[in-house]
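In listed order, ligands and their atoms are each counted from 1. Positions are given from 1, in the same order as the sequence printed here.
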Amino acid sequence: MKRVLLKLSGEVLMGGQDYGIDPEFVAELAKEVKAAKDAGLEICLVIGGGNIFRGMAGAAKGMDRAQADYMGMLATVMNALAMQNALEQLGVPTRVQSAIEMDKVCEPVIRRRAERHLSKGRVVIFAAGVGAPYFTTDSGAALRAAEMRCDALLKGTSVDGVYDSDPKKNPAAKRYETVDYDTVLAGNLKVMDASAVALCRDNSIPIVVFSIRERGNLARVLSGQGVQTIVQEEG
Ligand code: UDP
């Protein structure tokens, strides 16, 4: 692998808190990203916003869904700035590109410019998902992985892979080592939303699902020794 897209759920930025951003934990995550970059990878980052605001949660409480989704997208910009800060404190050059233009705080998404940043050794953090409501940052991650021609989409989250049923409800749930896209879609397995999985399938981008909560796990996963599930075309 030469170029990867790392998607981090917003909730991992909370660390031990139950809301918001824990700067100490973001600093730990930044160390993992730096180690991957130092190992020679080009890194695109997409960070969710669920630690601050999710559109669906707002809609469930009576808000207009699209309005709530725009708030969710703004939350991802805050997370992107927090990660940019943590990476730059470690000496890693970064650029944030947002799908919602905000020229006082970051660049707009410009693919060719992002290419240039990567070739100069910068980490590019893509914020605001796809820039449209009714999507998630998983779809944003799949879209950026496709347009930046990443070799894999690494989904760092709170669980260590994809299970055949919900491991929180079923203690006998089994984790897949590998699973194909269609099994994930047909079984409605909770990996990413269906549009993100379908975009990865149509562009043959493997999805690697792993837990980012344990220190050193990203490096283990990249070296093929971690606990993970790879979603890819089988057979
Ligand atoms: N969102 C959106 N369009 C996008 C990306 C995100 O509307 O392209 C909104 C949506 O409301 C979502 C919120 O931003 O709930 C936060 O993103 P997400 O839920 O994907 O974050 P994560 O679960 O990864 O923390």
Side-chain angles (χ1 to χ4, degrees), residues 4-22 25-26 29-30 32-33 44-84 86 96-102 105-106 108-109 111 114 124-148 153-162 166 168 184 188-200 207-213 218 231:
V4 295
L5 188 138
L6 175 62
K7 155 79 206 288
L8 300 178
S9 320
E11 63 178 26
V12 299
L13 273 63
M14 300 190 297
Q17 304 172 180
D18 35 301
Y19 175 81
I21 299 170
D22 175 355
F25 198 75
V26 178
L29 292 169
E32 304 257 331
V33 175
C44 303
L45 267 178
V46 167
I47 306 179
N51 54 320
I52 300 172
F53 195 82
R54 274 209 176 88
M56 289 279 262
K61 291 185 180 155
M63 286 187 73
D64 176 73
R65 168 75 192 269
Q67 184 82 346
D69 277 342
Y70 279 109
M71 291 172 64
M73 285 182 258
L74 296 181
T76 73
V77 180
M78 285 206 262
N79 285 337
L81 295 180
M83 180 55 78
Q84 176 172 47
V96 174
Q97 293 199 343
S98 171
I100 295 176
E101 290 190 23
M102 237 180 270
V105 289
C106 58
V109 176
R111 187 180 64 84
V124 182
I125 308 173
F126 291 102
V130 304
Y134 296 92
F135 285 94
T136 65
T137 49
D138 284 345
S139 297
L143 172 64
R144 302 302 169 214
E147 67 174 336
M148 298 307 293
L153 194 169
L154 311 176
K155 171 150 170 151
T157 183
S158 308
V159 286
D160 60 3
V162 183
D166 187 346
K168 285 189 193 126
V184 168
N188 199 18
L189 302 178
K190 302 280 175 247
V191 185
M192 295 184 136
D193 53 85
S195 54
V197 175
L199 196 54
C200 287
I207 307 167
V208 183
V209 183
F210 68 102
S211 166
I212 189 83
R213 285 195 185 270
L218 176 60
V231 185

In the structure I gave you, are the side-chain heavy atoms of K7 and L5 within less than 4.5 Å of one another anywhere?
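Heavy-atom side-chain distance check passes, below 4.5 Å.
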D193 versus S139, closest heavy-atom pair with distance:
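Looks like OD1-OG, 3.0 Å.
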What pair of heavy atoms forms the shortest contact from A66 to P133, and how long is it?
CA-CB, 3.9 Å
Test your reading of the model: is there a side-chain donor-acceptor pair from N51 to the backbone of G20, 3.5 Å cut-off?
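Between the backbone of G20 and the side chain of N51 there is a qualifying donor-acceptor contact (under 3.5 Å).
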Under the salt bridge (Lys or Arg N to Asp or Glu O under 4.0 Å) rule, collect the residues that match up with D69, sequence neighbours excluded.
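D69 satisfies salt bridge (Lys or Arg N to Asp or Glu O under 4.0 Å) with R65 once adjacent residues are dropped.
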Counting neighbours of CD on Q17 that are heavy atoms of other residues, nucleotides or ligands and sit closer than 6.0 Å, is the number greater than 12?
yes
Which protein N or O atoms sit under 3.5 Å from any N or O of ligand 1? Give atom names and distances.
residue	atom	partner	partner atom	Å
ligand 1	1 (N)	F135	O	3.4
ligand 1	3 (N)	A132	O	2.7
ligand 1	3 (N)	F135	O	3.2
ligand 1	7 (O)	F135	O	3.4
ligand 1	8 (O)	V130	N	2.7
ligand 1	11 (O)	G55	N	2.8
ligand 1	11 (O)	D69	OD1	2.5
ligand 1	14 (O)	G72	O	3.4
ligand 1	14 (O)	M73	N	3.4
ligand 1	15 (O)	G55	N	3.2
ligand 1	19 (O)	R54	NE	3.3
ligand 1	20 (O)	T137	N	2.8
ligand 1	20 (O)	T137	OG1	2.5
ligand 1	21 (O)	G49	N	2.9
ligand 1	21 (O)	G50	N	3.4
ligand 1	21 (O)	T137	OG1	3.4
ligand 1	23 (O)	R54	NE	3.4
ligand 1	23 (O)	R54	NH2	2.7
ligand 1	24 (O)	K7	NZ	2.8
ligand 1	24 (O)	T137	OG1	3.2
ligand 1	25 (O)	G10	N	2.8
ligand 1	25 (O)	G49	N	3.3
ligand 1	25 (O)	G50	N	2.8

